[in-house]
Asks: 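I'd like to ask you about the structure that follows.
Note on naming: letters A, B, ... go to the chains in the order of the sequence lines (proteins, then strands), and numbering restarts at 1 for each one.
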There are 2 protein chains.
Amino acid sequence: MKHKGHTNPPGRQKTIEALTQLMRTRDFHSVTTAEIAQRAGVTEGLIYKYFNSKKDLLYQVLDDLFARFNETVLERIAGTSSAIQQLDIIIASSIEYYAANRVFARILLLEVRNSQDYFASEAYERVKTYARRIQDIIDTGIANGEIKSDIDPQIFRNVILGAIEHACLGEIIFSRKLDAQVVTQCISTILFNGAKA
Amino acid sequence: MKHKGHTNPPGRQKTIEALTQLMRTRDFHSVTTAEIAQRAGVTEGLIYKYFNSKKDLLYQVLDDLFARFNETVLERIAGTSSAIQQLDIIIASSIEYYAANRVFARILLLEVRNSQDYFASEAYERVKTYARRIQDIIDTGIANGEIKSDIDPQIFRNVILGAIEHACLGEIIFSRKLDAQVVTQCISTILFNGAKA
DNA sequence: AAGATGAGTGAGTAATACTTACTCATCTTA
DNA sequence: TAAGATGAGTAAGTATTACTCACTCATCTT
């Protein structure tokens, strides 16, 4: 019988934990279901009681990790009312979070986007909600005159997210140290004040 | 016997063409080697004479496509000497090229980065050379006073590339129409003049 | 006591990336 | 011109791996 999702038995939790651990040093494709099961201390069959596929497991891992990320960011912007200050906090928080949680960053930026089923997953719904929230901040900023009115809010949101991602990408891929403060400062300057002298 | 790479027989070319065709509607993982062989009109065995693995085939497809992209961009910046104008052309060319060649965009942005061996491939070497060239332009721009001197050239390069990528990502993933001119204009404004009012 | 529900098992199977031993044709060179 | 090397292409494998299915065992419900 298939699992319905309204409980969280140890086998499910251990499986999620196992994949997360294995992906600290390996990419998703190279990790086998047999390894996941062994590391989790369960049988392969059980994995498929809780997850529809190996990919579905990955998406649920991301869902967990993104939920925590989202919470962290929301807490940090709660105090401020200025749109630009809020965006600044989002940039800083994202980079710090990527630097501290490499598995999260790799899954989100490198491992899921190649497959269409990701975009039908709950994890992606969460990401979309997060992105919408950023756009709301931009809308507010334009409305109250903080941000130029001729800028398209959706494109600006994508530029912010893309800038953050790509600025960390090399460090994430090659497991290099990432100086969050320097990168944050530089991105903020470019995006808000422009690079032109 | 293994192929050495100094010839380009029909079987090799047809294989590359077949994967390119198949990826117009499908993601890499869902395309099987059997399908590639069938579409190319060769046997599976032959594929492994010319390519070390299915992934290696993908990287060589990307190498071909990126070579053409690179040429297009270089031709278009050849006439101008201003750094900012050159960067502007790079932004516009990239977006136009992604819009017109979706398979190229999907491979480069979504399909290769999840695997470490990509970063040892010739395709990645090409991408690196291209990225270095962009950084050279930024260096020049800082040297002649066009670009703010307190901006880190490498981070600025990543911000430009990330902004371009993410601004097109939704359209690439969901095969939506992409208005290159509007997106280009908006990105340029943000990156060079800043979003702050 | 009977039955339902849900966690967990373990032995499968089908698919698929990759291998290997081979043929056939063309070119080289002694 | 015979001998041999080289390279394109084949066909029938194999090993791996994601996924399935029929089952047990324990706990809860009525």
Asks: Could you state the atom-to-atom distance from NE2 of H29(B) to C1' of dA17(C) in whole Å?
Replies: 11 Å
Asks: Check if the side chain of K49(B) and the base of dT19(C) share a donor-acceptor pair of N or O atoms closer than 3.5 Å.
Replies: no
Asks: Nearest to the side chain of P10(B) - dG9(D), dC18(C), dT9(C)?
Replies: dG9(D)
Asks: I need the CD1-C1' distance between I47(A) and dT20(D), as an integer number of Å.
Replies: 14 Å
Asks: Does R176(A) CZ have over 12 foreign heavy atoms under 6.0 Å away?
Replies: yes
Asks: Identify, between E44(B) and G41(B), the residue whose nearest nucleotide on DNA chain D lies closer to the 5' end.
Replies: G41(B)
Asks: Parallel, tilted or perpendicular for Y98(A) and F69(A), by the 30°/60° rule?
Replies: parallel
Asks: Measure the distance from CG on L19(B) to P on dA17(C) and round it to the nearest whole Å.
Replies: 11 Å
Asks: Without decimals, in angstroms, what is the distance between R12(B) CZ and dG7(D) P?
Replies: 15 Å
Asks: Please give, in whole Å, the distance from dT20(D) C1' to Y50(A) OH?
Replies: 16 Å
Asks: For F51(B) and dG9(D), give me the distance from atom CZ to atom C1', rounded to whole Å.
Replies: 14 Å
Asks: Are E165(B) and R113(B) ion-paired here, with the side-chain N under 4.0 Å from a carboxylate O?
Replies: yes
Asks: In terms of the nearest nucleotide of DNA chain D, which residue is placed more toward the 5' end: G45(A) or G11(B)?
Replies: G11(B)
Asks: Tell me the interatomic distance from N8(B), atom CG, to dG7(D), atom C1', rounded to whole angstroms.
Replies: 14 Å
Asks: Output the single nucleotide from dA18(D), dA7(C), dG10(C) whose closest atom is nearest the side chain of T32(A).
Replies: dA18(D)
Asks: Return the nucleotide paired to dA15(D): Watson-Crick means purine N1 to pyrimidine N3 with N6-O4 or O6-N4, wobble means G-U with N1-O2 and O6-N3, both under 3.5 Å.
Replies: dT16(C)
Asks: What nucleotide among dC18(C), dA8(D), dT9(C) has an atom nearest to a side-chain atom of K54(B)?
Replies: dC18(C)
Asks: In whole Å, what is the span from the CG atom of D56(B) to the P atom of dT19(C)?
Replies: 12 Å
Asks: Looking only at the side chain of P9(A) (C-beta and beyond, no hydrogens), which of the listed nucleotides dG8(C), dT10(D), dC18(C) gets closest?
Replies: dG8(C)
Asks: What nucleotide among dC18(C), dA18(D), dT9(C) has an atom nearest to a side-chain atom of Y48(B)?
Replies: dC18(C)
Asks: Among residues two or more places apart or on two chains, list those pairs meeting ring-ring contact (aromatic ring centres under 6.0 Å, His included) that have a residue in residues 139-186 of chain A.
Replies: F174(A)-F119(B)
Asks: What is the pairing partner of dT30(D), taking Watson-Crick or G-U wobble pairs with both distances under 3.5 Å in any strand?
Replies: dA1(C)
Asks: Please report, to 0.1 Å, the donor-acceptor pairs under 3.5 Å made by any side chain of residues 128-136 of chain B, with sequence neighbours excluded.
Replies:
from    : atom 1 : to      : atom 2 : distance (Å)
K128(B) : NZ     : E125(B) : OE2    : 3.3
T129(B) : OG1    : E125(B) : O      : 2.9
Q135(B) : OE1    : R157(B) : NH1    : 2.9

